[in-house]
Participant: 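Here you go, one structure.
No experiment lies behind these values; they were computed from the predicted model shown. Below, chain A is the first sequence line, B the second, and so on; all start at residue 1.
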2 protein chains.
Amino acid sequence: MKFDVGDKQSLTAQVYKQLRNDILEGRYETGTFLVETKLAEELGVSRTPIREALKQLELEDLVISIPNRGVTVQGISKPDIDDIFTIRHLLEGQAAYWAAQRINQEQMDQLTETIALMDMYTTKNDAGNLARLDSQFHDTIFAASNCRTLKHILTSLHQNVQRARRSSLSIPERTHKSTEEHHAIFEAIQAHDAQRAKELMEAHIMNVKK
Amino acid sequence: MKFDVGDKQSLTAQVYKQLRNDILEGRYETGTFLVETKLAEELGVSRTPIREALKQLELEDLVISIPNRGVTVQGISKPDIDDIFTIRHLLEGQAAYWAAQRINQEQMDQLTETIALMDMYTTKNDAGNLARLDSQFHDTIFAASNCRTLKHILTSLHQNVQRARRSSLSIPERTHKSTEEHHAIFEAIQAHDAQRAKELMEAHIMNVKK
DNA sequence: CAAGAAAAACATGTATACAATAAAACAAAA
DNA sequence: TTTTGTTTTATTGTATACATGTTTTTCTTG
């Protein structure tokens, strides 16, 4: 698998995405050593982008670095995912709370648009586009919470459980229910009812978990 | 300010600590460009450790990287700190909850020891050692929660508000109160009373905030 | 044959050289 | 004077060479 310099993204970013995906897909056994020179050769780039990508993965806790020894993959297990849902339920609830208080007009417009498109694709049963809009909906709320730290943590967590969320949305019944829940959250934010937005969001996350 | 190769830590780690501290101390104006070559010269190392340190800071959201342009410092403002306390109150509450359920003997022994030392230094009014033990107490609970993600997020947040916590512990009245609260949390964990541990921890964090 | 020391192999940590890109300065034309 | 296109310069992105430390192998010695 060779990487192309023609791609607009930096090599580091491409390597990062590739490795991250491979780890989350479980393509590496836990504990495997990721050797820089080997990866560099395999991916057709120098060690530099590899090192930088590994640094990022380390900060996200997907690999562990042992000084002067190398990095080993940590992966992400089933109970890990359960725990992450619990954490997300707390944090996304808070994000919705703050969003209801702090959202600006532009973000409100964005949410309105996302919700409208969700309705459309729900009737069409288009799971692919719904997954995209789902991410967009949550991302906008993170942004509207106006808390860099929260936005940062949640964006990272969101990606980690992406696969789980995808599979949830592929169940037609869940699709409709999910859109309804998004509607309710949207209305609570529009009404600046922070407490209600929080509770609805918490319930929503726990439903996705199931 | 020159760095020493004799230090056991890697240059990257030293540079990271230095830059992080400078940013948190507010030594750089928000928006300042951190130019790799300039920093490299100032700190007496090559660009490589600088780059790696900046990558880490970017992942912690203390600087923003603009591709092909450079990184600008973000710093951390007063309202940011308030928000971080709110987030910590949620997450540390959950950590205490899980710790009460999942703690092992070794970690329990560690907590027992920390609490005993806290008592001693409280009577001696030794703020420096109390700050250290405070960190240790919370870190042990993160570890006992047995959730990598949570441990990871909280360790990072903990450092960000370290200054605020230090100043809180320098108030003698607060010192005694804080030790009492630690005691109560410790007992709840020892009794494996998850709900109570959570509530006590939440209250504790909010008290520190004030 | 076993144990330990020396050395080779190998990996990461760091420095530096080169390439690509974006901003700034400048010149020319309308 | 303003605008547009070109050149220069500064800075990041990437590759590579070298230094340092760790593991494994090999060889020596009892």
Side-chain angles (χ1 to χ4, degrees), chain A residues 1-20 22-23 28-74, chain B residues 1-20 22-23 27-75:
Chain A
M1 168 109 37
K2 287 274 167 58
F3 281 124
D4 193 358
V5 184
D7 200 318
K8 41 219 142 196
Q9 281 185 100
S10 74
L11 288 178
T12 300
Q14 291 176 63
V15 170
Y16 167 75
K17 273 176 64 178
Q18 165 90 37
L19 287 178
R20 179 200 177 88
D22 285 353
I23 293 172
Y28 295 107
E29 201 106 356
T30 298
T32 308
F33 270 85
L34 294 179
V35 179
E36 295 174 7
T37 49
K38 247 173 87 184
L39 289 173
E41 195 168 354
E42 276 171 33
L43 301 176
V45 299
S46 82
R47 270 180 60 211
T48 309
I50 303 283
R51 276 182 73 82
E52 303 202 335
L54 288 176
K55 259 258 142 51
Q56 287 188 238
L57 291 170
E58 188 192 343
L59 266 284
E60 284 187 33
D61 229 19
L62 288 175
V63 303
I64 291 187
S65 163
I66 306 168
N68 292 316
R69 284 267 302 148
V71 310
T72 64
V73 325
Q74 275 298 103
Chain B
M1 168 111 35
K2 288 271 166 58
F3 280 124
D4 193 358
V5 184
D7 200 319
K8 35 215 144 201
Q9 282 186 99
S10 73
L11 288 178
T12 300
Q14 290 177 63
V15 170
Y16 167 74
K17 272 176 65 178
Q18 165 91 38
L19 287 179
R20 178 200 179 90
D22 285 353
I23 292 172
R27 202 162 302 170
Y28 295 107
E29 202 107 355
T30 297
T32 308
F33 269 87
L34 294 179
V35 178
E36 293 173 6
T37 49
K38 249 174 83 183
L39 289 173
E41 196 168 351
E42 276 172 32
L43 301 176
V45 299
S46 81
R47 271 179 60 209
T48 308
I50 302 283
R51 277 183 74 82
E52 302 202 336
L54 289 177
K55 260 257 141 53
Q56 286 189 238
L57 290 170
E58 188 192 343
L59 267 284
E60 284 187 33
D61 227 20
L62 287 176
V63 303
I64 291 187
S65 163
I66 306 168
N68 292 315
R69 283 268 301 149
V71 311
T72 64
V73 326
Q74 276 297 103

Participant: Compare every heavy atom of Ala53(B) with every heavy atom of Val15(B), then report the nearest pair and how far apart it is.
Facilitator: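 What the structure gives for the nearest pair is CG1-CB, 3.7 Å.
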Participant: Let's test your reading of the model: under 3.5 Å, does the base of dA15(C) pair with the side chain of Thr48(B) as donor and acceptor?
Facilitator: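 Indeed there is one.
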Participant: Quick check on dA15(D): is either OP1 or OP2 less than 4.0 Å from any side-chain nitrogen or oxygen of Ser46(A)?
Facilitator: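 For dA15(D), OP1 or OP2 has a side-chain N or O of Ser46(A) closer than 4.0 Å.
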Participant: Output yes when at least one side-chain N/O atom of Arg51(B) is less than 4.0 Å from OP1 or OP2 of dG13(D), else no.
Facilitator: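 So the side-chain polar atoms of Arg51(B) do come within 4.0 Å of the phosphate oxygens OP1 or OP2 of dG13(D), strictly under.
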Participant: Starting at CD of Glu36(B) and ending at P of dT16(C), how long is that distance when rounded to a whole Å?
Facilitator: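 Glu36(B) atom CD is separated from dT16(C) atom P by 15 Å.
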Participant: Mapping Ala13(A) and Lys38(B) to their closest nucleotides on DNA chain D, which lands nearer the 5' end?
Facilitator: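 Residue closer to the 5' terminus by nearest nucleotide: Lys38(B).
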Participant: Write down the distance between CD1 (Ile66(A)) and P (dT12(C)), rounded to a whole number of angstrom.
Facilitator: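 From Ile66(A) CD1 to dT12(C) P: 11 Å.
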Participant: On DNA chain D, check which nucleotide each of Pro67(B) and Arg69(A) is closest to and give me the residue with the more 5' one.
Facilitator: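 Taking each residue's closest nucleotide, the earlier one in sequence belongs to Pro67(B).
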Participant: Can you check the Phe33(B) CZ to dT9(D) P distance for me, whole Å?
Facilitator: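 Interatomic distance, CZ of Phe33(B) to P of dT9(D): 21 Å.
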Participant: Just checking Arg47(A): base, sugar-phosphate only, or nothing, at a heavy-atom cut-off of under 4.0 Å?
Facilitator: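 Result for Arg47(A) = base.
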Participant: Round to a whole Å and report the spacing from CG of Leu11(B) to P of dA15(C).
Facilitator: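 Those two atoms, CG and P, are 5 Å apart.
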Participant: For the atom pair OG (Ser65(B)) and CG (Leu34(B)), what is the distance rounded to the nearest 0.5 Å?
Facilitator: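 Nearest 0.5 Å value for the OG-CG distance: 11.0 Å.
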Participant: Could you give the CG-to-C1' distance, from Leu54(A) to dT14(D), as a whole number of Å?
Facilitator: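 Going from Leu54(A) (CG) to dT14(D) (C1'), I get 16 Å.
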